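Just so you know, these numbers use all the heavy atoms, side chains as well, and skip hydrogens, waters and symmetry mates. Quick caveat, the model's predicted, so the values are computed rather than measured.
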Amino acid sequence: MPLALLALAVGAFGLGTTEFVMMGLLPDVADDLHISIPTAGHLVSAYALGVVIGAPLLAALTARLPRRTVLISLMALFVAGNALSALAPGYDSLLAARFLSGLPHGAFFGVGAVVATGLVAPERKARSVSLMFMGLTVANIAGVPVATLMGQHLGWRATFLGVSLIGVAAMAAVFFLIHPTHTPAPTTGLRGELTALRSLPVWLALATTVVGFGALFSAYSYITPMLTHSAGYAEGSVTLLLALFGVGATIGNLVGGRLADHAMRGTLFGGLASMVAVLLLFPLLMRTEWSAALAVVLLGIAAFVTGSPLQLMVMERAAAGPSLASSANQAAFNLANAGGAWIGGVALAAGFGVTSPSLAGAALAVLGLGVASVAYAVDRRREVPATAHVRVVASHVPETAEPAHSS
């Protein structure tokens with residue numbers, strides 16, 4: 001695999017760290033700014049809103065620029081957003097800075113995935129995407145815990161300054177490791193990107209991302225009360241257990257990338273089916289400490305097996321203009337975050353028990369299998385007429401005359 005993929009992984013590491021670290025810093029931020037924790041929670045939503053808006057918007061605005069230039073510019077915006085977060089004098093300015101930090105997130109992953117697949121042979125495309133995404137999963141193992149500890153001991157502002165430095169390192173890595181000849185400006189432009197988004201298979205792939213990852217976030221958003229109230233863990237142990245989720249996500253991401261290069265659709269169906277099984281077993285696994293830890297790892301594996309095939313499927317269905325569709329898939333991922341958390345919360349508020357969000361997630365995963373099946377049927381229907389047309393044309397091609405022999 002090319003060393004250039006490391007540059008994309010460094011950027012993904014920074015994005016993943018700043019996205020998830022706020023959850024661990026909410027009490028510190030709330031105390032420092034004299035606001036309630038629920039109010040501080042809006043800082044998480046502001047980042048997610050920035051991702052949803054920024055992913056398609058920035059991908060569209062940069063449709064005609066060289067992709068290397070786009071990646072460096074997106075990281076510069078990321079650095080600015082996190083630096084402003086560190087320097088924010090109050091809550092309102094911090095809210096705006098968090099929104100700004102989220103704007104480049106989806107576009108970087110979307111454009112980065114297109115660049116990653118262009119650096120390797122066709123049979124290694126899914127693996128190249130998984131290696132970029134590995135920066136995101138490793139952020140959950142190392143980046144978020146370290147950044148949280150930094151914020152608790154040095155102040156939350158130090159965390160965002162540290163994340164800004166990661167962004168600077170990512171800019172340098174993209175500049176030195178990705179050659180300009182590997183990232184030329186797209187020839188399709190904005191019109192081609194928008195035309196690709198009009199495809200039904202693209203929207204079915206995006207819907208699979210929303211529903212499939214909604215299953216993950218339905219359970220994962222409430223993993224702390226499950227671990228403490230059902231499995232019996234102390235609150236101080238939750239950070240380590242969330243790092244175990246990162247380990248599972250990293251394993252699933254790498255395995256999914258390798259399998260998807262051989263059977264993309266089979267890997268997607270297998271990952272969604274595995275999520276159904278794991279989430280259905282959650283109420284049983286959350287009864288003891290050791291099985292609860294195993295459940296966290298299994299959830300990470302099952303969920304992120306589907307990451308690379310879903311990203312690649314969106315890009316292949318929008319082959320004429322993949323950058324905008326690829327970025328839109330990251331917006332879909334964040335919609336899954338918000339929607340899944342809401343559905344899990346509805347199950348919890350209804351009084352079905354602390355582990356009920358996992359059963360709601362299992363239902364979403366089943367729905368994800370249904371959407372993926374419809375997408376498969378649509379693809380098959382489109383392939384059959386094309387094959388028949390080729391056969392008809394071939395049957396009407398006249399036989400080539402024998403060449404005359406010179407005397």
Side-chain angles (χ1 to χ4, degrees), residues 7-8 10-12 14-16 18-19 45-85 95-119 129 132 136 164 167-168 170-175 178 180-199 202-203 205-206 209-210 311 314-335 337-338:
L8 300 174
V10 173
L15 290 163
T18 200
E19 180 180 20
S45 303
Y47 186 94
L49 182 63
V51 177
V52 173
I53 293 175
L57 178 63
L58 294 180
L61 291 175
T62 59
R64 282 204 172 274
L65 296 177
R67 286 168 176 153
R68 178 171 174 263
T69 302
V70 173
L71 292 172
I72 293 174
S73 301
L74 292 172
M75 270 293 114
L77 183 58
F78 169 80
V79 170
N82 282 279
L84 289 173
S85 297
L95 194 69
R98 284 292 291 171
F99 175 79
L100 180 65
S101 301
L103 287 176
H105 181 114
F108 183 90
F109 276 106
V111 175
V114 175
V115 171
T117 56
L119 294 171
V129 173
M132 181 189 72
L136 176 65
S164 295
V168 172
M171 290 173 64
V174 170
F175 182 82
I178 299 180
T181 57
H182 293 152
T183 57
T187 57
T188 55
L190 179 57
R191 179 174 295 182
E193 297 281 350
L194 291 173
T195 300
L197 268 185
R198 293 168 58 186
S199 166
V202 170
W203 284 102
L206 293 173
T209 296
V210 173
Q311 187 72 35
V314 169
M315 291 162 55
E316 289 188 349
R317 300 303 175 273
S323 294
L324 183 55
S326 182
S327 300
N329 194 51
Q330 295 304 310
F333 181 86
N334 277 268
L335 287 175
N337 190 340

(request) In sequence, state the C-alpha distance, the side-chain angles, and the governing distance for Leu15 and Met75, and then conclude on side-chain contact (heavy atoms from CB on, under 4.5 Å). (result) CA-CA 9 Å; Leu15 290 163; Met75 270 293 114; 4.0 Å; yes
(request) Just do the side-chain contact (heavy atoms from CB on, under 4.5 Å) check on Thr69 and Thr62 with the steps written out, would you? (result) CA-CA 9 Å; Thr69 302; Thr62 59; over 6 Å; no
(request) Check step by step if side-chain contact (heavy atoms from CB on, under 4.5 Å) holds for Leu58 and Val111. (result) CA-CA 10 Å; Leu58 294 180; Val111 175; over 6 Å; no
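Ala12 is linked by a side chain to side chain contact (heavy atoms under 4.5 Å, CB included) to Phe109, counting only residues two or more places apart in sequence or in another chain. Shown here are the side chain to side chain contact (heavy atoms under 4.5 Å, CB included) partners of Ala205, two or more places apart in sequence or in another chain: Met313, Val314. Every residue two or more places apart in sequence or in another chain that forms a side chain to side chain donor-acceptor pair (under 3.5 Å) with Thr209 is listed here: Asn329. Residues passing the side chain to side chain donor-acceptor pair (under 3.5 Å) test with Gln330, sequence neighbours excluded: Gln311. In this structure, the side chain to side chain donor-acceptor pair (under 3.5 Å) partners of Thr18, at least two apart in sequence or on a different chain, are Asn82, Arg98.
Annotation: the span from Leu95 atom CG to Leu100 atom CG amounts to 12.0 Å, rounded to 0.5 Å. To the nearest 0.5 angstrom, Ser73 atom OG is 12.0 Å from Leu61 atom CG. For the atom pair OG of Ser101 and CG of Leu84, the computed distance is 7.5 Å after rounding to the nearest 0.5 Å. To the nearest 0.5 angstrom, Leu335 atom CG is 10.0 Å from Leu206 atom CG. Here the straight-line distance linking atom CD1 of Ile178 with atom CG of Leu119 works out to 6.5 Å at 0.5 Å rounding. Rounded to the nearest 0.5 angstrom, Arg198 CZ and Trp203 CH2 are separated by 12.5 Å.
Residue Ala325 comes nearest to Val202 through the heavy atom pair CB-CG1, 4.2 Å, listed as atom of the first residue, atom of the second, then distance. Scanning both residues, Ser327 and Ala107, for their nearest heavy atoms gives OG-CA, 3.6 Å. When all heavy atoms of Pro56 and Leu324 are compared, the pair lying nearest together is O-CD1, 3.3 Å. Of all heavy-atom pairs between Gly106 and Ala55, the closest is CA-CB, 3.8 Å.
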For residues 46-54, run the donor-acceptor check on the side chains, cut-off 3.5 Å, and write out each pair with its distance to 0.1 Å, sequence neighbours left out.
unit_1 : atom_1 : unit_2 : atom_2 : d
Tyr47  : OH     : His105 : ND1    : 2.8

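In this structure, Arg67 contributes its side chain and Gly112 its backbone to no donor-acceptor pair below 3.5 Å.
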